[in-house]
Amino acid sequence: ERNRRNDLPRRVGNEDVQTLRHLAPDNLFNGVEPKPSASGSTSAANVPPSPKNQNSSFERSNRPKSKKVVPFANRPNTSPETYAEPDVCPICRGAGFLRRDVPFGDPGFGTLIDCGCRLAGKEYRSREESSKASNLEHFRDLTFEAFNQRMPGVREAYQETLHFAGDPSKWLLLMGGYGCGKTHLAAAIGNKALQKGVRIYFAVVPDLLDYLRSTFDPNSEARYDERFDMIRNVPLLILDDLGTENSKPWAKEKLYQIINHRYNTKLPTVITTNQDLFQIDGRIHSRITDQDLCRILIINAKDYRQIPTDERIRLRQGPMSGPMRNFP
């Protein structure tokens, strides 16, 4: 004890633990031995304040303030760049884990389990990762709320796609000319599915094939087999502008492999095209027109991009004609 280092703190007894939680760091014992007085006794001025003898008002004034706790369910709807997860959980107090309340000898004694805050954090990060991987960052504004359903010729397609988005199953093929709303409705399905926690991937077919081809580059960050497997097996795949891709054998074969795999496994798929189906590869044409699996919607509407702005506003504000079905 005589040779103990002076820079080390003293040992804290069990009786000090509860009190020490409420003391400010500056008031804790700093490891300096009290200096004896000339008479040989220890001077009270040199003795560090004992945790047991702390005045209750002093404890309250020096007790560190707890950080604001924001329940995960009430977090603000912000982007990952601006949202910071709560610093302190009122249940686990920031540890992230809980210990099972079982007696000694029980198989679960000492086992750690995830706290609800940790599980919620995992779910939030999982959704953000799915959102980034969805390839929908440039289509976030294409929602059902933003779609002008008063445009002549789009009502049936709007209702059917809204119904499909509530419970994505089987296949959906959207056909129509330029600017009729195919891409908007397809992206709206994707955005709604993301809100429900469904993993999706949205791709313009020519861009998708170019991307797969680029993964063969030695400097590519993504591996071809991983990306190809993800596209084939993602829970909801949305392929935009089928039929506008390169007609080279490699492109046709890769596209067929994706569609054939999803057809055999019956994974939900949404496809848009402005092409005559008989101009598409016969193997693909046969699968996307299977009436037991695929619902075909033909949109007979004008090119929305060619309609003047004042006419668009008039159509959006005009009365809705005909009965409107409510879908989840």
Side-chain angles (χ1 to χ4, degrees), residues 130-131 134-208 231 234-245 259 262 267-277 280 284 288-291 293-307 311-313 315-318 320-328:
S130 296
S131 179
S134 68
N135 204 31
L136 268 175
E137 61 271 16
H138 299 303
F139 302 91
R140 294 291 178 86
D141 57 334
L142 299 184
T143 63
F144 286 109
E145 293 75 16
F147 187 79
N148 191 345
Q149 54 182 300
R150 290 174 172 81
M151 284 289 299
V154 301
R155 286 290 304 285
E156 181 183 1
Y158 173 83
Q159 295 176 8
E160 292 295 338
T161 52
L162 184 60
H163 177 60
F164 181 91
D167 181 23
S169 60
K170 297 190 176 183
W171 287 29
L172 191 63
L173 176 62
L174 301 175
M175 300 180 60
Y178 301 112
C180 69
K182 303 184 304 297
T183 298
H184 190 141
L185 291 173
I189 292 173
N191 283 314
K192 192 172 184 66
L194 276 178
Q195 293 176 2
K196 299 170 89 53
V198 179
R199 289 195 304 112
I200 78 136
Y201 187 76
F202 180 98
V204 179
V205 174
D207 295 341
L208 170 64
I231 294 170
V234 67
L236 175 60
L237 177 64
I238 301 176
L239 298 175
D240 192 33
D241 276 345
L242 176 68
T244 59
E245 67 278 358
I259 291 178
R262 298 187 68 85
L267 288 170
T269 306
V270 178
I271 300 173
T272 76
T273 184
N274 56 24
Q275 302 293 313
D276 184 339
L277 292 182
I280 297 175
I284 295 176
I288 65 177
T289 56
D290 183 345
Q291 297 185 14
L293 178 67
C294 188
R295 172 85 164 91
I296 301 177
L297 297 176
I298 301 176
I299 306 177
N300 294 313
K302 295 181 179 179
D303 188 344
Y304 188 77
R305 304 183 186 96
Q306 307 303 317
I307 299 177
E311 180 66 13
R312 298 183 192 183
I313 297 175
L315 287 169
R316 186 176 293 276
Q317 296 176 347
M320 186 77 69
S321 60
M324 181 64 182
R325 291 155 52 189
N326 294 322
F327 292 111

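All of these numbers come straight from a predicted model, not from anything done at the bench.
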Give a yes or no answer on whether the side chain of [X] reaches the backbone of [Y] with a donor-acceptor pair at less than 3.5 Å.
X      : Y      : answer
Arg312 : Arg305 : yes
Asp303 : Gly177 : no
Glu245 : Gly243 : yes

Leu185 and Phe164: CA distance, side-chain angles, deciding distance, side-chain contact (heavy atoms from CB on, under 4.5 Å) verdict:
CA-CA 11 Å; Leu185 291 173; Phe164 181 91; over 6 Å; no
Which heavy atom in [X] sits nearest to a heavy atom in [Y], and how many Å separate them?
X      : Y      : value
Leu236 : Thr269 : CD1-N, 4.3 Å
Ile307 : Met151 : CD1-CE, 3.0 Å
Ala203 : Leu208 : CB-CB, 3.9 Å
Val154 : Ala301 : CG1-CB, 3.7 Å
Cys180 : Ile299 : O-CG2, 3.7 Å
Ala165 : Ile189 : CB-CA, 4.1 Å

Side chain to side chain donor-acceptor pair (under 3.5 Å) partners of [X], counting only residues at least two apart:
X      : answer
Asp290 : Tyr263
Thr273 : none
Thr272 : Asp240

Using the test salt bridge (charged side-chain N to carboxylate O under 4.0 Å, His left out), find all partners of Arg295 that sit at least two apart in sequence or belong to another chain.
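Expected list: Glu156, Glu160.
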Salt bridge (charged side-chain N to carboxylate O under 4.0 Å, His left out) partners for Glu311, two or more places apart:
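Checked Glu311 against salt bridge (charged side-chain N to carboxylate O under 4.0 Å, His left out); matches are Arg314.
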Using the test ring pair (Phe, Tyr, Trp, His ring centres under 6.0 Å), find all partners of Phe144 that sit at least two apart in sequence or belong to another chain.
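With neighbours one apart ignored, the set is Tyr158.
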With rounding to the nearest 0.5 angstrom, report the [atom1] to [atom2] distance, [X] to [Y].
X      : Y      : atom1 : atom2 : result
Ile259 : Leu239 : CD1   : CG    : 6.0 Å
Gln159 : His163 : CD    : NE2   : 11.0 Å
Leu237 : Leu267 : CG    : CG    : 9.0 Å
Asp241 : Tyr178 : CG    : OH    : 8.5 Å
Asn274 : Leu174 : CG    : CG    : 12.0 Å
Asp276 : Met175 : CG    : CE    : 7.0 Å

Does any part of the side chain of Asn191, heavy atoms only, come nearer than 4.5 Å to the side chain of Leu136, both counted from C-beta?
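Leu136 vs Asn191: side chains touch.
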Heavy-atom check, side chain of Gln275 versus side chain of Leu242, under 4.5 Å
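Heavy-atom side-chain distance check fails, nothing below 4.5 Å.
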Pick one: which of Val270, Ile271, Leu297 meets side chain to side chain contact (heavy atoms under 4.5 Å, CB included) with Leu173?
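Filter result, single survivor: Ile271.
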Could you please spell out the steps behind the side-chain contact (heavy atoms from CB on, under 4.5 Å) verdict for Val234 and Phe202?
CA-CA 10 Å; Val234 67; Phe202 180 98; over 6 Å; no
Can you list everything that forms a side chain to side chain contact (heavy atoms under 4.5 Å, CB included) with [X]? Sequence neighbours excluded, please.
X      : result
Ser169 : none
Asp141 : none
Asp207 : Val204

May I ask you to check whether over 12 heavy atoms, not counting those of Ile296, lie within 6.0 Å of atom CD1?
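Yes, because the 6.0 Å sphere around CD1 of Ile296 holds more than 12 heavy atoms from other groups.
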